[in-house]
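Quick caveat: nothing in here was measured; it's all calculated off a predicted structure.
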Amino acid sequence: MNEKPEATAEKNLMTENPGMTSKITAESALETTPEISIVLPCYNESEAVGSFFKRTLPVLDRLALAYEVVCVNDGSRDDTLSELIKIKETVPQLKIVDFSKNFGKDAAMSAGLDFSKGKCVIPMDCDLQDPPELIPEMVKIWKSQNVEVVLAKREDRSDDSLAKRLTAWLFYKSFNQFSDLEIPENVGDFRLMDRKVVDVVKSFPERTRFMKGLFALAGFKTAYVGYKRPVRAEGQSKWNYWKLWNYALDGITSFSTFPLKLSTYFGLLVTMLAFLRGSWILIRTLIFGIDVPGYASLMTAILFFGGVQLVSLGIIGEYLGRIYIETKQRPLYVVKQVL
Ligand code: UDP
Ligand code: MG
């Protein structure tokens, strides 16, 4: 009896996955496949897109390989879209995916991956913080060294503030500690991925698209190129500490259940201590008579454990909320038009 549901689950996995892959390959074989797809999420980047294309297109042209640029307009409120349309007049390789509203960078990147057809895909930021001059080197490594992923690794973060570096370090350390995965430090979304990797990432069904984690989960053979990340060329960063904190929570809860176990371990420890302390009070009372009860120690204990319980509930809530979101199976993004 016990084995039955497991067996069906395994069968489902086996029947579902090959179906998924064959659909993807059939889909991508329909059109002529470019060699390289650049995926570019844009949110309020009207100032930046112009200079992005001015610097990136010559690099791509020099490679003499067929390429496409998939721009995802993530519900920009400025005239990013009209800028892109203007650029498209002279750049036929540009494909514009226009969202109905802002869905966030990870959703925009997922859409970019979904709409890209290239044999390899390179997600980039619009603000020229990912230097396009690295692309030829990445492509060369991908073609010559038989690797499926080429990561661009930031060699120094001296331009970032101390607080930003510290929090980034703390995040990578705790993520790698808590989850079974290892996400490489100082690596952003800027990377080259072979079609195989992209198809695997696309097949992950989850709604919470913590891309760094999904990329790492896909695995494959990886090479690195080092670079120094310049400061943002134009416009403003869309991240603040509150967003980063929530992003970190998404990352950790998506890839680890360790925080759920924390209260178990803490509870066990406290139970043990309470047992020892309780036995001691009992023995002392039997031998020396009734002690005068302490208001301060009682109050401290009540407040402390009240806090611990709320935090534990909060942790459960974080997971429960995410289960709730996942079960709804809402679409990751809504496309208004594709140009
Ligand atoms: N971005 C997006 N949707 C958002 C926020 C950002 O598509 O909701 C895009 C943005 O246009 C840029 C890239 O994601 O191309 C990186 O954003 P940003 O430069 O603000 O992040 P940072 O470099 O500071 O991490
Ligand atoms: Mg940036």
Side-chain angles (χ1 to χ4, degrees), residues 102-107 157 160-186 206-214 216-217 236-330:
N102 179 255
F103 284 90
K105 184 184 174 185
D106 282 331
R157 299 185 64 135
D160 283 345
S161 69
L162 186 68
K164 179 124 194 213
R165 270 184 282 164
L166 200 72
T167 42
W169 176 83
L170 199 69
F171 169 72
Y172 284 116
K173 278 282 166 288
S174 41
F175 185 97
N176 290 338
Q177 194 70 45
F178 287 165
S179 72
D180 297 333
L181 275 181
E182 180 94 19
I183 48 173
E185 267 179 69
N186 297 331
E206 56 236 81
R207 310 284 105 185
T208 314
R209 305 300 284 183
F210 183 71
M211 281 307 202
K212 277 181 211 204
L214 295 183
L217 191 62
Q236 271 183 353
S237 171
K238 275 96 202 164
W239 293 94
N240 54 39
Y241 278 103
W242 179 244
K243 273 194 173 177
L244 281 172
W245 162 249
N246 283 308
Y247 186 64
L249 276 188
D250 268 349
I252 291 176
T253 49
S254 296
F255 287 93
S256 162
T257 51
F258 179 75
L260 280 174
K261 295 179 192 154
L262 271 179
S263 39
T264 314
Y265 296 128
F266 188 72
L268 279 176
L269 182 78
V270 171
T271 312
M272 249 157 55
L273 291 178
F275 180 75
L276 291 177
R277 171 98 175 127
S279 320
W280 165 240
I281 292 175
L282 190 73
I283 293 165
R284 203 180 47 179
T285 315
L286 286 176
I287 300 172
F288 301 109
I290 288 167
D291 202 2
V292 182
Y295 169 76
S297 56
L298 262 182
M299 209 50 200
T300 319
I302 290 173
L303 288 179
F304 177 70
F305 289 109
V308 168
Q309 280 162 19
L310 282 179
V311 171
S312 314
L313 270 181
I315 294 176
I316 298 174
E318 287 289 338
Y319 283 88
L320 186 68
R322 282 174 175 80
I323 297 172
Y324 179 58
I325 303 266
E326 292 287 333
T327 51
K328 287 188 204 234
Q329 292 286 302
R330 283 183 178 156

Quiz prompt | ring-ring contact (aromatic ring centres under 6.0 Å, His included) against Phe210, all qualifying residues, sequence neighbours excluded | solution = Phe175, Tyr247
Self-check item: Euclidean distance, Lys105 NZ relative to Arg209 CZ, rounded to 0.5 Å
Solution: 14.5 Å
Quiz item: CG of Asn186 to CZ of Arg165: how many Å apart, nearest 0.5 Å?
Solution: 10.5 Å
Exercise. Measure the spacing between OG1 of Thr253 and CZ of Phe258 and express it to the nearest 0.5 Å.
Key: 14.5 Å
Self-check item: Nearest-0.5 Å distance, OG1 of residue Thr271 to CG of residue Leu276
Solution: 11.0 Å
Exercise. Could you tell me whether the side chain of Met272 reaches within less than 4.5 Å of the side chain of Phe275, counting heavy atoms only?
Key: no
Exercise. Could you tell me whether a side-chain N or O of Ser179 sits under 3.5 Å from a main-chain N or O of Asn176, the two making a donor and an acceptor?
Key: no
Quiz prompt | Residue pair Leu170 / Leu166, side-chain heavy-atom distance below 4.5 Å | solution = no
Practice problem: To the nearest 0.5 angstrom, please state how far the NZ atom of Lys212 sits from the CZ atom of Phe171. | Solution: 6.5 Å
Self-check item: Minimum-distance pair of heavy atoms, taken over all atoms of Glu185 and Lys173
Solution: OE2-NZ, 3.1 Å
Self-check item: Distance (rounded to the nearest 0.5 Å) between Leu320 CG and Ile315 CD1
Solution: 13.5 Å
Quiz item: Does some side-chain heavy atom of Asp250 sit less than 4.5 Å from a side-chain heavy atom of Arg322?
Solution: yes
Practice problem: Taking all non-hydrogen atoms of both residues into account, name the closest pair between Ser254 and Thr208 and its distance. | Solution: OG-CG2, 3.6 Å
Quiz item: Below 4.5 Å, heavy atoms only, C-beta onward: do Ile183 and Phe255 meet side chain to side chain?
Solution: no
Quiz item: So, the side chain of Tyr241 versus the backbone of Lys164: is there a donor-acceptor pair under 3.5 Å, distance only?
Solution: yes
Quiz item: Closest approach of Ser263 and Leu260, non-hydrogen atoms and distance?
Solution: OG-O, 3.7 Å
Quiz item: For Ile252 and Ser174, which heavy atoms make the closest approach, and how far apart are they?
Solution: CD1-OG, 4.1 Å
Quiz item: Would you call Leu273 and Val270 a side-chain contact if the rule is heavy atoms closer than 4.5 Å?
Solution: no
Exercise. Flag yes if more than 12 heavy atoms outside Gln177 fall under 6.0 Å of its CD atom; otherwise flag no.
Key: no
Self-check item: Atom CG of Asp180 with >12 non-hydrogen neighbours under 6.0 angstrom
Solution: no
